Amino acid sequence: MSEDHLKAQRIRKRDALIEMGIDAYGRRFPDVMSTTAVRKAAQPLNIQPGQRSELRGRVAGRIALLRVMGKLAFATLRDEAGALQFGFSKAELGEQWSVLKLIDLGDIIGADGVIGRTKTGELTLWADNLTVLAKSLRPPPEKWHGLTDVDLRYRQRYVDLFTNPDVRDVFRHRSAIIQAIRDCLIREGYCEVDTPVLQPIYGGAAARPFTTHHNTLDINLYLRISPELYLKRLLVGGMERVFEISRNFRNEGISTRHNPEFTMVELYEAYADYQVMMERVEQMVSAAFNTSARTAILQRVEAIEREVSRLEKEKGGEAAAAYAQEQNLKAYRRAAEGIANGRLTAVFQGEVLDFTSPWPRRQYADLLHEYAGVAMTDVQAVRRKAEDVGIEHTGKDDAVVVNEVFDATVERHLVQPAFVFGYPAAICPLTRQHPEDPSIALRFEAFAAGMELGNAYTELNDPAIQEVNFKRRVAGEGAETMAVMDEDFITALEYGMPPAGGLGVGIDRLVMLLTDSPSIRDVILFPLQRPQPPRTS
RNA sequence: GGGGGUGUAGCUCAGAGGUAGAGCAACGGCCUUUUAAGCCGUAGGUCCUGGGUUCGAUUCCCAGCACCCUCACCA
């Protein structure tokens, strides 16, 4: 059955509805109860199997399953909150029975009826009124497996979302996490701001920008790679604690950890330093954990265990064990145990991550020694190591090579949440130098699951040094990715910027960690993909 | 950009050098307590695209395209 044919059949049903004087696309449908509200309302009634209560309900949602048997039909209706079984009988529906016959999987309907239980005990809304709210013209994916083709899932995220409820959960968590971070900062006296996405000069990070053009002004503009230089201007302006939840755009590769547009929370705090920023990371992540991962993990353990015992009964211990293994039940149990003991333990790809404050503080040089076996100051050894691990280092600045070796050898070992500090100053043009060792920057990066999660500085507020840093070319970094001179930013610093700590945390990656999502595309609703040629039909 | 994998019905997937298979969905029939409902029947395909080998290719070979994984750039 071709797609066109399936669609044509549904169009015929739609037309049949219209023929009957029914609006196939519905209208306002007030006083809808969610499926969970119905469950909650039913609970105290203690309805026995086979009984109906006096309680009436009105629910709307999409038909996920439909079982028609002669003059009786059951439908599973899915709404945002969950799902509920509906019962329809020809006797009770009367003339509307013929409407039900025109309903397909995927249609959005509303129904009124009394809440009861079937003989098998399933909570059921026995409908006496059926309202078509939107006829679906395309067949939904397979009802058991849902949509699994990853390409299609991202291209047609709307289908992914309505067929795979777990996907919706991830984005609810994302929303809660962002809100927790926002609340946390507001509570600390921060002011949320918006700074330009379209920037005449890009800066604040080492990345290639997207370029665009403004017609009226006839100037090139860049989509921001970072809001940093604008947020610091606000410190000059006397705003002492500012943050922005910032969509940044970097014209770089795409991977499971990189999307060309991604979300960061970036914050600046006057009279603080990078030590304070470590505490801010711990605070924000704790808040995010408590609002999302905590209950999700406990529920997940229960859900896996329920399924395991079901499999044990139906398919035997082997299938159950395989499922438990595949779902990382052991790790989830350990995480739940940690939570019970007051720790912030989450599971990411089978690994238990402990986000409990304080996170370990690790010296960059120590880690380099531990995993690369070289001293950060021993330039010859570092370059030999670079060759060992296949990094092209000729013509590159020492500090750049050091950092590339660090990324290649150390990063993946930083599985448990940790702060790494003591970065080479030469690769940190916006960071204040260590007062006793100018080769070291007052910078840390936060790591977890082998990913960089955040980046923070004691901010450089000396305009003279900043100007020098802007002008210095560090060999080994592409000309495009170099810090670009921003005269106005220097001018701002010349007016005086208070000493400050600044921090950026990758929201997408944090959501990955707290929702056990293996790819950044799983936590971005519409990740960038090559567009498909337009459809002809 | 390098390496590996995938591409077959609307969806989830088998399969083989000789006119293409299942389950779900669809259509028709039976069915008033189903639970991924069941039973009987029907229909549905450019086997990603292009070239090559072959009597014959959707299958083998080459190239391309898309996606996934991985490495590199980067957060």
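Lettering follows sequence order; numbering is per chain, from 1. Computed from a prediction, not measured in an experiment: that's the story for all the values here.
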Examine B:rG10: is either OP1 or OP2 under 4.0 Å from a nitrogen or oxygen in the side chain of A:R10? Give yes or no. no

Does B:rU33 have OP1 or OP2 under 4.0 Å away from a side-chain N or O of A:T124?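 It does not, given that no N or O in the side chain of A:T124 lies less than 4.0 Å from OP1 or OP2 of B:rU33.
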
Quick one: on RNA chain B, does A:G146 or A:A91 contact a more 5' nucleotide (nearest heavy atom)? A:G146

For RNA chain B, whose closest nucleotide is more 5', that of A:W144 or that of A:D104?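 It is A:D104 whose nearest nucleotide is closer to the 5' end.
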
Base, backbone or nothing for each nucleotide of nucleotides 2-8 of chain B, written B, S, -, heavy atoms under 4.0 angstrom, 5' to 3'? -------

Pairing partner (Watson-Crick or G-U wobble, both distances under 3.5 angstrom) of [N]:
N: B:rG38; result: B:rC30
N: B:rA43; result: none
N: B:rC13; result: B:rG21
N: B:rU58; result: none
N: B:rG1; result: B:rC71
N: B:rU53; result: none
N: B:rA66; result: B:rU6

Taking the minimum atom-to-atom distance to the side chain of [X], which one of [options] wins?
X: A:V150; options: B:rC67, B:rC11, B:rU34; value: B:rC67
X: A:R155; options: B:rC11, B:rG10, B:rA66; value: B:rA66
X: A:R67; options: B:rU34, B:rC67, B:rC24; value: B:rU34
X: A:R208; options: B:rC73, B:rC11, B:rU32; value: B:rC73
X: A:K13; options: B:rC27, B:rU70, B:rU12; value: B:rC27
X: A:T148; options: B:rC73, B:rU33, B:rU12; value: B:rU12
X: A:T118; options: B:rU33, B:rG10, B:rA36; value: B:rU33
X: A:K143; options: B:rC68, B:rA36, B:rA66; value: B:rA36
X: A:M69; options: B:rA37, B:rC27, B:rC69; value: B:rA37
X: A:R257; options: B:rC69, B:rC11, B:rC71; value: B:rC71

Aromatic ring pairing A:F74/A:W126, orientation class (parallel under 30°, perpendicular over 60°, tilted between):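 Rings of A:F74 and A:W126: perpendicular, as their planes differ by over 60°.
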
May I ask you to decide if the ring planes of A:Y222 and A:Y202 are parallel, tilted or perpendicular, using 30° and 60° as cut-offs?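 Geometry flag for A:Y202 against A:Y222: perpendicular rings.
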
Donor + acceptor pair across side chains of [X], [Y] (<3.5 Å):
X: A:N129; Y: A:Q96; value: yes
X: A:D79; Y: A:T35; value: yes
X: A:R521; Y: A:T256; value: no
X: A:Y364; Y: A:E445; value: no

What contact category does [X] fall into here, base, sugar-phosphate, or nothing, at under 4.0 angstrom with non-hydrogen atoms?
X: A:L453; result: nothing
X: A:W126; result: base
X: A:G253; result: base
X: A:D149; result: sugar-phosphate
X: A:L105; result: sugar-phosphate
X: A:R117; result: nothing

Check this for me: does the side-chain of A:Q85 come within 3.5 Å of the base of B:rU34 through a donor and an acceptor?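 In this structure, the two groups form a donor-acceptor pair.
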
Less than 4.0 angstrom from a charged side-chain N to a carboxylate O is my criterion; do A:E387 and A:R383 meet it? no

Only counting residues at least two apart or in another chain, list the ones meeting side-chain hydrogen bond (donor to acceptor under 3.5 Å, both in side chains) with A:R412. none

Criterion side-chain contact (heavy atoms from CB on, under 4.5 Å) against A:L84, the qualifying member of A:R39, A:E122, A:R78: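 So, applying the side-chain contact (heavy atoms from CB on, under 4.5 Å) to A:L84 and each of A:R39, A:E122, A:R78, only A:R39 qualifies.
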
